[in-house]
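Below: the structure, in structure tokens.
We count ligands from 1, going down the list as the structure has it; atoms in each ligand are counted the same way. Just the heavy atoms: all of them, side chains too, but no hydrogens, waters or symmetry mates, feed the values below. Since the model is a prediction, treat every value here as computed from it, not as a measurement. The first residue of the sequence shown is numbered 1, and numbering continues consecutively from there.
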Amino acid sequence: MTATRILVLNSGSSSVKYQLLDMRDDTRLAVGLVERIGEETSRLKHTPLTGGGESGGESREQNRPIADHDEALKAVAEELSRDGLGLDSPELAAIGHRVVHGGKQFTEPTVIDDAVLKEVERLIPVAPLHNPANLTGIRTAMALRPDLPQVAVFDTAFHTTMPESAARYAIDVETADAHRIRRYGFHGTSHAYVSRKTAELLGKRPQDVNVIVLHLGNGASASAVRGGVCVDTSMGLTPLEGLVMGTRSGDVDPAVIFHLMRVANMSADDIDVLLNKKSGLVGLCGDNDMREIRRRIDEGDEAARLAFDIYIHRLKKYIGSYYAVLGRVDAIAFTAGVGENAAPVREAAVAGLEELGLAVDGELNAVRSDEPRVISPEYARVAVAVVPTDEELEIARQTYALVANRVGERND
Ligand SMILES: Nc1ncnc2c1ncn2[C@@H]1O[C@H](COP(=O)(O)OP(=O)(O)O)[C@@H](O)[C@H]1O
Ligand SMILES: CC(=O)OP(=O)(O)O
Ligand SMILES: [Mg+2]
């Protein structure tokens, strides 16, 4: 039997998203999510799917404390087993892992060995919310299936093409080099997938289009993609820089940090927590979910309104600056939880930019759909599009492409 299945694990700071796919036709066999790991209110939601349809199987939920990512992954393995899709299946070809920080070194998906593990571990200080969770996911999966290739797909990989002018900060070169301080960028798997899909939507080849991708989830980032190649992105050394996010501040004057150290007696760790977890939308109005913010705005809530306006102002500044970086823009693509679902965000982000060829058609913008679609009017010079991301599918494809040869060899 040829192994054609890939399990994808996307371990976040307090969650694990997973999918089991059959790569012969990209069918999803099971999808699930473990959230609020480490809290009393953890939840595992597992959905087996048959025949590729989302309605295939009944979802199952576990509501019980799940202490860490190791326990989470073992619970996921058990759920998969209950559907006859367990990790012991000979049809499983590999496990693909999202790894958030791969530094400068990893430009391609990589089969994980001790050297890779060491490097991912060494990068923890610059991805403290993400890399430890990714590592636990990998180690647990390795313990469950030591014989199986485990592949890392890095968030940073797509951005390694950025020119030095975009990747370097204007700080003392010796200090920067000694500590490997530069802009790495994140969400790269999504930016790569969405920029390609956008070209497809326009009926063009990726090398022929310039796209600004706006990945607006809980974490959010923008990228400028010229002919399929990333030339700039809004996240930097860590996923803190750039846009206003659910709980992260995005850009601030760096002097804010030493000012707080001096006048508020805060430590580096205190400020780390402040900027990563207590800022952004949640810091501005107490909510990080765009649905809740829109509901409050409709009720006349001033704090929610201001939070929304600050979010949009920043987004607009990035659209403008990436327009200037690219020179010619063919499309702007909105993606991830907010980008795919929040029509008011899309409308506000391009409002007043008609001179740049940007506009949104109110009716097209209001359509709800899981399909990629153009929402700009016919006359607009730049296509504004909603392009749902699929990081898991992209990770599965890259993982399978890497191991297919090896699997072929093993089965001969
Ligand atoms: N229907 C919706 N309308 C507006 N915003 C939404 C909707 N659904 C999800 N969101 C936003 O998407 C966010 C989650 O996005 P997602 O891409 O899943 O983030 P992450 O991968 O970082 O967890 C939520 O916090 C919420 O703000
Ligand atoms: C890198 C990053 O911000 O990831 P996420 O959006 O999953 O938190
Ligand atoms: Mg995400």
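With a heavy-atom cut-off of 4.0 Å, Asp155 touches ligand 2 through its side chain alone. Residue contacts with ligand 2 for His187 involve side-chain atoms from C-beta outward but no N, CA, C or O (heavy atoms, distance under 4.0 Å). With a 4.0 Å cut-off on non-hydrogen atoms, Arg295 does not touch ligand 1 at all. Looking at His187 against ligand 1, nothing comes within 4.0 Å, counting heavy atoms.
Closest heavy-atom approach to atom 25 (O) of ligand 1 within the set Asn288, Leu33, Asp287, Asn10: this belongs to Asn288. With atom 12 (O) of ligand 1 as the reference point, the heavy atom nearest to it among Gly337, Ala343, Ser190 is part of Gly337. Residue nearest to atom 5 (N) of ligand 1, selected from His215, Met290, Glu35: Met290 (by heavy-atom distance).
Note on ligand 2: Met235 sits in its first shell, one or more heavy atoms being nearer than 4.0 Å. Under a 4.0 angstrom heavy-atom cut-off, Arg248 registers as being in contact with ligand 2. Remark: distances from the non-hydrogen atoms of Arg98 to ligand 2 include one below 4.0 Å.
Heavy-atom minimum distance, Val403 versus Ala93: CG2-O, 4.3 Å.
Looking at Arg294 and Glu347, no side-chain N of the basic residue comes within less than 4.0 Å of a carboxylate O on the acidic one, giving no salt bridge. Under 4.0 Å is where a charged nitrogen must lie from a carboxylate oxygen, and between Glu392 and Lys17 no such pair does. Here Arg305 pairs with Asp309 in a salt bridge; the nearest charged N to carboxylate O distance falls below 4.0 Å.
More than 12 heavy atoms of other residues, nucleotides or ligands lie within 6.0 Å of CD in Glu164, so this atom counts as buried by the packing criterion.
Residues Thr335 and Glu340 have side chains that bring a donor and an acceptor to within less than 3.5 angstrom of each other.
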